[in-house]
Amino acid sequence: QVQLVESGGGMVQPGGSRRLSCATSGRLFRINVMGWYRQAPGKQRELVAAITSAGNTNYADSVKDRFTISRDNAKKTWYLQMNSLKPEDTAVYYCNCNAQASYGTSWLDYWGQGTQVTVSS
């Protein structure tokens, strides 16, 4: 049973920083893309940032130059460093990956349970 577990959420003041982590448990043979999504109340879930196995990154325009995604391939863990946080960054943040559970099996999307980030004074 593969699980993704986020940590690092909480409340932060505008202009502050927060670092989210996503750790995997269970067996994953290979991970291709690791990412972070968020969903604010009344809005659709949106991609925040993603990183490929080669280290190529992609960011939503709203977080460019403020957020940084990184990964530790050996630990099968990835991170989202969030700086200069704004109230509009308030959302539930979900980690996601596209991975194979074992050699030759299908590539599947896995999701964490979500962690709340609230930016407020």
Side-chain angles (χ1 to χ4, degrees):
Q1 182 82 13
V2 174
Q3 287 188 317
L4 274 56
V5 181
E6 300 104 339
S7 61
M11 183 169 287
V12 61
Q13 292 188 338
S17 298
R18 204 81 184 179
R19 188 191 194 212
L20 304 182
S21 299
C22 182
T24 59
S25 64
R27 183 178 176 84
L28 280 177
F29 172 66
R30 185 163 55 185
I31 301 175
N32 181 16
V33 181
M34 298 172 170
W36 290 94
Y37 288 72
R38 68 185 181 187
Q39 187 166 19
K43 294 188 176 181
Q44 289 189 328
R45 190 174 298 190
E46 62 174 354
L47 174 68
V48 176
I51 185 167
T52 69
S53 57
N56 298 312
T57 58
N58 181 40
Y59 295 93
D61 288 341
S62 59
V63 306
K64 279 181 182 176
D65 300 323
R66 298 190 298 122
F67 291 11
T68 302
I69 188 170
S70 60
R71 61 191 283 169
D72 184 328
N73 289 332
K75 294 181 178 179
K76 292 185 172 63
T77 299
W78 55 106
Y79 309 92
L80 186 67
Q81 178 66 43
M82 305 183 293
N83 298 328
S84 302
L85 283 160
K86 304 175 181 180
E88 51 263 43
D89 294 318
T90 295
V92 177
Y93 284 72
Y94 299 89
C95 64
N96 159 271
C97 71
N98 183 255
Q100 285 180 308
S102 57
Y103 177 78
T105 60
S106 298
W107 290 89
L108 299 177
D109 280 338
Y110 296 89
W111 290 90
Q113 81 288 352
T115 186
Q116 177 72 44
V117 174
T118 302
V119 185
S120 175
S121 55

Does any part of the side chain of E46, heavy atoms only, come nearer than 4.5 Å to the side chain of R38, both counted from C-beta? yes
Residues N73 and R71: side-chain donor-acceptor under 3.5 angstrom: yes
What do you reckon, C22 and C97 SGs under 2.5 Å? no
Sort out for me which residue in V33, N58, I69 forms a side chain to side chain contact (heavy atoms under 4.5 Å, CB included) with I51. I69
When clusters are formed by joining ILVMFWY residues with side-chain heavy atoms under 4.5 Å apart, either directly or through shared neighbours, do L108 and M34 land in the same one? yes
Would you name the heavy atoms of C95 and W78 that are closest together and state the gap between them? CB-NE1, 3.7 Å
Any donor and acceptor pair, going by atom type alone, linking the side chain of Q39 with main-chain N or O of A91 inside 3.5 Å? no
Once you round to the nearest 0.5 Å, how far does CG of L28 lie from OG of S102? 10.0 Å
Less than 4.5 Å apart, any side-chain heavy atom of N96 and any of Y94? no
Nearest non-hydrogen partners of S121 and P14, listed with the distance: N-CD, 3.6 Å
Taking the side chain from T90 and the backbone from V119, do they hold a donor-acceptor pair closer than 3.5 Å? yes
Look at the side-chain heavy atoms of Ile, Leu, Val, Met, Phe, Trp and Tyr, link any pair under 4.5 Å apart, and say whether V12 and Y93 land in one connected group. yes
Interatomic spacing from CG in D89 to CZ in R18 - rounded to 0.5 Å: 13.0 Å
Can you tell if the side chain of W111 reaches within under 4.5 Å of the side chain of R45, non-hydrogen atoms only? yes
Okay, side chain of Q100, backbone of T105: is any donor-acceptor separation there less than 3.5 Å? yes
Out of curiosity, does L20 fall in the hydrophobic cluster containing Y59 (side-chain heavy atoms, cut-off under 4.5 Å, transitive links)? yes
If Ile, Leu, Val, Met, Phe, Trp and Tyr residues are connected whenever their side-chain heavy atoms lie under 4.5 Å apart, and connections chain through other members, are Y37 and V2 in the same group? no
Roughly how far apart are Q81 CD and S21 OG, rounded to 0.5 Å? 9.5 Å
Any donor-acceptor pair under 3.5 Å from E6 side chain to G114 backbone: yes
Under 4.5 Å between side-chain heavy atoms, hopping through other hydrophobics if needed: is there a path connecting Y110 to V48? yes
Mark yes when over 12 heavy atoms from residues, nucleotides or ligands other than D109 sit less than 6.0 Å from its CG; otherwise mark no. yes
Using a 6.0 Å cut-off, check whether atom CD of Q44 has over 12 heavy atoms from anything other than its own residue. no
Roughly how far, to the nearest 0.5 Å, is CE of M82 from OG1 of T68? 11.0 Å
For R19 and G8, indicate whether the former's side chain and the latter's backbone hold a donor-acceptor pair under 3.5 Å. no
Hey, could you give me the OG/OH distance between S70 and Y79, rounded to the nearest 0.5 Å? 7.0 Å
Where does the angle between the aromatic ring planes of Y103 and F29 fall among parallel (under 30°), tilted (30 to 60°) and perpendicular (over 60°)? perpendicular
All heavy atoms of S17 vs all of S84, minimum pair found to be OG-N, 4.4 Å
dist I31:CD1 -> K76:NZ (nearest 0.5 Å) comes out at 6.0 Å
